[in-house]
Participant: 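Questions regarding the structure given below will be posed in turn.
Since we're looking at a predicted model, the values are computed, not measured. We name chains A, B, ... by the order of the sequence lines, and we start the count at 1 in each one.
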2 protein chains.
Amino acid sequence: MKKKRVSIKDIAAQLNISITTVSFILNGKSKEVGISTALTEKVLKHVEETGYKPNLLAKSLRTGKTKIICLLIENIADPFFATVAGYVEELFNQRGYKIIFGSTKNQAAKTRELIDLFRDRHVDGFIIAPSEKLEADITNLLNESIPLVLFDRYYKEIETDRVTTDNYEGAYNAVKLLIDQDYRNIALITIDSEQTQMHDRLLGYEKAISEYGLKPYTVKMNYQKVEQTAVEEITQLLTQNPDIDALFFGTNYLTLKGLQAIEELNLSVPGDIGVISFDDHDVFKLLKPNITAVAQPIAKMSEEMVNLLLEQIDVTKAERTKRQVVVPSTMHVRDSSIKKINHNA
Amino acid sequence: MKKKRVSIKDIAAQLNISITTVSFILNGKSKEVGISTALTEKVLKHVEETGYKPNLLAKSLRTGKTKIICLLIENIADPFFATVAGYVEELFNQRGYKIIFGSTKNQAAKTRELIDLFRDRHVDGFIIAPSEKLEADITNLLNESIPLVLFDRYYKEIETDRVTTDNYEGAYNAVKLLIDQDYRNIALITIDSEQTQMHDRLLGYEKAISEYGLKPYTVKMNYQKVEQTAVEEITQLLTQNPDIDALFFGTNYLTLKGLQAIEELNLSVPGDIGVISFDDHDVFKLLKPNITAVAQPIAKMSEEMVNLLLEQIDVTKAERTKRQVVVPSTMHVRDSSIKKINHNA
DNA sequence: ATATGTCACTAAATCGATGTAGTAAATAAA
DNA sequence: TTTATTTACTACATCGATTTAGTGACATAT
């Protein structure tokens, strides 16, 4: 019952020819090395019949190529990252690569494990949304000349290929939009992270706030504890600061938590509280009211990442200059979460 | 700059001992094969210093073990599957396995590709939510004695380990709940699939409908086209059959589409239309009204899957009887999507 | 007749591990 | 003293591919 997997050696033996010949034929080198059409066809036919599939483990050991790309994201369940994953997978599939995902949970240890795991298995390249404290690991990859693209966030002190959104601008515009709608006490709900994307969003928020001489309210919560404590923290913020009239959320999952808090407090959006989210979410247009969001151009970002990585893989030797791509965010304005002016009118 | 990865051979050469010795030491066999403590420590120290990491590709080629499990699900972006993925990953990590995900998009060709890809790389086992037309591939895995657990759906004609929800019962109860709430023209919105999970949900629906002598309305839509056409199809159903007063959705993503259709038609839930979803969704409790759902006990299912697979991996030789686990679903009743009786009262 | 060139293949080294079957030296048993 | 046993290692085949450097047979050139 249990069939042993047939190897190239078996094929060669069955046809009474050398392993080398079979290998050449299977790799389409018949012409190049001068193997007769007759034999080529015979081998191909036999391979077809036996259903022989080369052992890619062995192949990779020999060649050092796996035709696999590793994509490390925060969480496969997060709609932003899931969408990126979808695009990147599709694009790489088109180029003959398989793609493998890993959820880092934004934890350095977990990311490190995944990097090691896949590096040991010789993936041909990495696309990573790095957690904090991963500088050393990233540097290692760079030193080993493993193709690498960072996205969403990066390290200022390490020069890598990377693709990010203009987080500063996006956040600034979001807060400005709230201000334009006459909101004056705007809090930023974000996570306690020094990662560039969150830092830039914070800076964008602060810029807009200070530009209009408003008072900043900032809540930074622990990423790992969002699921447990976010609703409560936001509830506290709102009860302790009844003057707050708008919330700008640093990420879409925080927005969902915030909406729950608002709901539980029996406050209304946008009348009592204006809401804008950084990062869009499928359900934002379904919720009542629907939620305005700063959206990242995910399709475009994905394309850029894929191109950067393929460039690195294809460049044989010559030193290639690292490239940084920054794409602008777009505002998905859905009035019903922020129409204070019309509301009051 | 570009460091060559150090191999066991390098380690052996540097210490002037044999490769075998190094291998034994690294695999903790010092005692067993009688290698002196002095040498053992010396090697371990040197390995530590050089930062040598064994090449798992080579190791796997030799041993046929990878300590990797492959989980194939419909779509990493789907909340049901994403949650399963999260649990399964966690459980396997605890047991020293890494887990690799693949999105099948419920397409046989894509699933086949993924199975082949990972089988070639000798993953130690598969957990699969199989698409249709995959019987031959599953049978192959079975013949090759590759550890395998199916979940969510299965093939009646193939005996495998599997874990599923009681879809029939769940659907029956959902429809019955609508009937109890005085809804009388209840449509089933499902996908055009003969897969067991969808088939059983259909049967459960039909059972309840016929038990009360009601008229069935069933819309089956193409899974691949849900994103494009679902809203329109549901809109049509509702406009062409104004007597319909409740919708039972076969999956949570269909529910989201249905709610969009209902919204666009300016109908209200639960007054005009009662709604129950098969499979829960994080946002169902956020939506207004919040949506009642038949929930699968994902944590428990995940545990069962992991246990079944580990059993297979651990069983050395003796024929093990395949096991089928069916877990009951639970109803997450959220009155506001179905409270017709109270509403009219 | 000898050298040169093609043609159609093949032997064997290699990738980096594991693990079986040994060996040489020291010690114990007869 | 000879044999058996133990101790502390090591040589080498192996997993299943790729790839370099040949080889033998035949044709053509000089």
Participant: Mark yes when over 12 heavy atoms from residues, nucleotides or ligands other than E48(B) sit less than 6.0 Å from its CD; otherwise mark no.
Facilitator: no
Participant: Side chains of T37(B) and T40(B): donor-acceptor distance under 3.5 Å anywhere?
Facilitator: no
Participant: Out of dC15(D), dT10(D), dT18(D), which has the shortest distance to the side chain of S23(A)?
Facilitator: dT18(D)
Participant: If the cut-off is 4.0 Å, is K9(A) near the phosphate of dC15(D), judged by side-chain N/O to OP1 or OP2?
Facilitator: yes
Participant: Do the side-chain N and O atoms of Y87(B) and E303(B) include a donor-acceptor pair separated by under 3.5 angstrom?
Facilitator: no
Participant: Check DNA chain D against residues 113-124 of chain B and give the residues with a non-hydrogen atom under 4.0 Å, in numerical order.
Facilitator: none
Participant: From C-beta outward on K59(A), which listed nucleotide comes closest to its side chain: dC9(C), dT19(D), dT18(D)?
Facilitator: dT18(D)
Participant: Output the single nucleotide from dT19(D), dC9(D), dA17(C) whose closest atom is nearest the side chain of F24(A).
Facilitator: dT19(D)
Participant: Nearest-nucleotide wise, let me know which of L61(B) and T20(B) is further upstream toward the 5' end of DNA chain D.
Facilitator: T20(B)
Participant: What heavy-atom pair brings S103(A) and L114(A) nearest, and what distance separates the two atoms?
Facilitator: O-CD1, 3.5 Å
Participant: Quick one: which of dT10(D), dC9(C), dC9(D) gets closest to the side chain of I17(B)?
Facilitator: dT10(D)
Participant: Counting side-chain heavy atoms from C-beta on, which of dA17(C), dT10(D), dT18(D) comes nearest to T63(A)?
Facilitator: dT18(D)
Participant: To the side chain of N27(B), which of dT19(D), dT10(D), dG19(C) is closest?
Facilitator: dG19(C)
